[in-house]
Amino acid sequence: MSDSSSIFISRIQNLQVLDSFGDPVGKVRDVVVQPRFAGVSPRVKGLVVELFARRRIFIPMARIYAVAADQISISGVIDPRRFERRISEILVISELFDRTFKSPEGTTETVFDVAMSQTRVREWELSEVALREVQAKVRFGFAPKGRVRVLPWSAVGASLLTSEQNTDRKVAALADMKP
C-alpha cells in the first residue's frame, strides 16, 4: 500500500538541514501543511527548522532539493525571521500526531505518523496516514499495542482534520509556549 516515493514525517523529524555548501543550518522540528478543498490532500508548504540559536524559521519546500536518510539539503538563501504559524496552516507533528478519531469501521484510532509524497509538478502533499487502534486501558501490567494500518489520506483525511487533538499533546504544546 505504501508508495515508494512517500516519506514518513517521523523519519525526517530532527534530521540535520544543510545548506548548498554543506554547512549545517539546523534541525527539522515540524512540517507545515495547508488544507485545500474537500477531497484533495493538504499541500506541504515547508519545514519548520530550529536554528542552533534555538530560533525556529520556515524553509519552503521549493528550497529543498534533496531528502536523504540522514540529512536534508536546501538551496538558496534562508529567511532568518522567526516562524509564525498562520491561521490556515497546520503543523503536522504538533497538531496531527497523537490525534484520536473514530474510523469508518467504528473503532477509535490514533495517528502516529503521516507520509508526504511529491507530485509531478514538484509539489509535496500528504499522501498516507499510519494509524494505531486504541486499546482499552489495563489496570496492571502492560497493555498490548493495537492493530496498525496505513491508509491513504483520501480515506481518513476529512474526518481526521475535524477530530479533536489528544489532551496530553495540547498540554505539552502549551507548556512550551512563552507567557
Side-chain angles (χ1 to χ4, degrees), residues 1-17 26-50 56-64 66-72 74 83 85-105 107-135 145-173 176:
M1 174 108 210
S2 181
D3 186 11
S4 63
S5 64
S6 291
I7 299 171
F8 278 96
I9 292 173
S10 65
R11 301 282 182 177
I12 65 170
Q13 183 180 14
N14 296 324
L15 274 187
Q16 184 105 20
V17 177
K27 292 189 177 211
V28 176
R29 295 298 182 209
D30 219 323
V31 176
V32 181
V33 297
Q34 184 172 25
R36 296 190 272 191
F37 51 90
V40 179
S41 297
R43 182 172 64 96
V44 179
K45 292 179 70 176
L47 304 175
V48 176
V49 175
E50 187 174 278
R56 294 183 180 207
I57 63 168
F58 176 76
I59 297 179
M61 291 306 284
R63 296 248 188 247
I64 295 172
V67 179
D70 60 342
Q71 67 188 21
I72 294 177
I74 61 171
F83 169 72
R85 186 178 77 84
R86 295 184 178 125
I87 294 172
S88 64
E89 297 172 339
I90 296 173
L91 298 173
V92 175
I93 295 171
S94 302
E95 297 178 31
L96 292 183
F97 281 24
D98 292 337
R99 188 169 278 202
T100 307
F101 75 104
K102 285 277 191 196
S103 69
E105 294 84 26
T107 60
T108 303
E109 295 181 311
T110 302
V111 175
F112 72 92
D113 210 347
V114 177
M116 62 182 188
S117 61
Q118 197 170 19
T119 63
R120 283 192 232 163
V121 292
R122 293 197 34 86
E123 185 178 274
W124 290 82
E125 64 184 17
L126 298 184
S127 58
E128 297 171 322
V129 181
L131 304 168
R132 176 174 283 134
E133 189 175 351
V134 176
Q135 296 291 319
K145 298 236 183 216
R147 173 178 63 118
V148 174
R149 62 187 182 148
V150 177
L151 296 175
W153 179 267
S154 58
V156 294
S159 59
L160 180 62
L161 291 177
T162 59
S163 66
E164 279 296 312
Q165 187 177 16
N166 191 345
T167 307
D168 296 336
R169 191 69 153 186
K170 283 183 183 178
V171 171
D176 291 340

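Everything numeric here is computed off the predicted structure, so don't read it as measured data.
The main-chain N or O of Val92 is found under 3.5 Å from a side-chain atom of Asp30 such that the two form a donor-acceptor pair. In this structure a side-chain-to-backbone donor-acceptor pair under 3.5 Å is missing from Arg122 to Gln118. Judged purely by atom type and a 3.5 angstrom limit, Thr110 has no side-chain atom pairing as donor or acceptor with the backbone of Asp98.
The 12-atom threshold is not exceeded at CZ of Arg11, counting heavy atoms of other residues, nucleotides or ligands nearer than 6.0 Å.
Val44 has its side chain out of reach of Val32: every pair of non-hydrogen atoms, C-beta onward, lies at least 4.5 Å apart. The side-chain heavy atoms of Phe97 and Val114, taken from C-beta on, include a pair separated by under 4.5 Å. Annotation: side chain of Asn14 is not in contact with side chain of Val28 (no heavy-atom distance under 4.5 Å). Looking only at side-chain heavy atoms (C-beta outward), Ile90 and Glu95 come within less than 4.5 Å of each other. Taking 4.5 Å as the limit, every side-chain heavy atom of Val48 sits out of range of all side-chain heavy atoms of Val31. Looking only at side-chain heavy atoms (C-beta outward), Glu109 and Val156 stay at 4.5 Å or farther from each other. Within the 4.5 Å cutoff, no side-chain heavy atoms of Val129 are placed close to those of Leu96.
The cationic atom of Arg56 (NZ for Lys, CZ for Arg) does not lie both less than 6.0 Å from the six-membered ring centre of Phe83 and within 45° of the ring axis.
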- Verify side chain to side chain contact (heavy atoms under 4.5 Å, CB included) between Val148 and Leu131, making sure each step is shown before the conclusion. CA-CA 6 Å; Val148 174; Leu131 304 168; over 6 Å; no

| request: Begin with the C-alpha distance, continue with both residues' side-chain angles, and end with the deciding distance and a verdict on side chain to side chain contact (heavy atoms under 4.5 Å, CB included) for Arg36 and Arg43. | output: CA-CA 7 Å; Arg36 296 190 272 191; Arg43 182 172 64 96; 3.9 Å; yes

query = Could you go step by step and tell me if Glu50 and Arg29 meet the salt bridge (Lys or Arg N to Asp or Glu O under 4.0 Å) rule?
reply = CA-CA 6 Å; Glu50 187 174 278; Arg29 295 298 182 209; 3.4 Å; yes

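Across all non-hydrogen atoms, the minimal contact from Ala68 to Leu15 is O-CD1, 3.7 Å. Across every non-hydrogen atom of Ser117 and Ser6, the tightest pair is CB-OG, 3.9 Å.
Tested against Met116 for a side-chain contact (heavy atoms from CB on, under 4.5 Å), the candidates Trp153, Trp124, Phe8 yield a single pass: Trp124.
Lys45 and Glu125 are not joined by a salt bridge, as no carboxylate oxygen comes within less than 4.0 angstrom of a charged side-chain nitrogen. A salt bridge does not link Arg149 with Glu133: none of the charged nitrogens is closer than 4.0 Å to a carboxylate oxygen.
Summarising the geometry, atom CD1 belonging to Ile9 is positioned 11.0 Å from atom CD belonging to Glu128; distances are rounded to the nearest 0.5 Å. Distance check, rounded to the nearest 0.5 Å: CD of Gln71 to CD of Gln16 gives 8.0 Å. Taking OG from Ser154 and CG from Leu126, the interatomic distance works out to 12.0 Å, rounded to the nearest 0.5 Å. In this structure, Gln13 CD and Asp113 CG are separated by 9.0 Å, a value rounded to the nearest 0.5 Å. In this structure, OG on Ser94 lies 9.0 Å from CZ on Arg85, to the nearest 0.5 angstrom. The distance from atom CG of Leu47 to atom CD1 of Ile59, rounded to the nearest 0.5 Å, is 6.5 Å.
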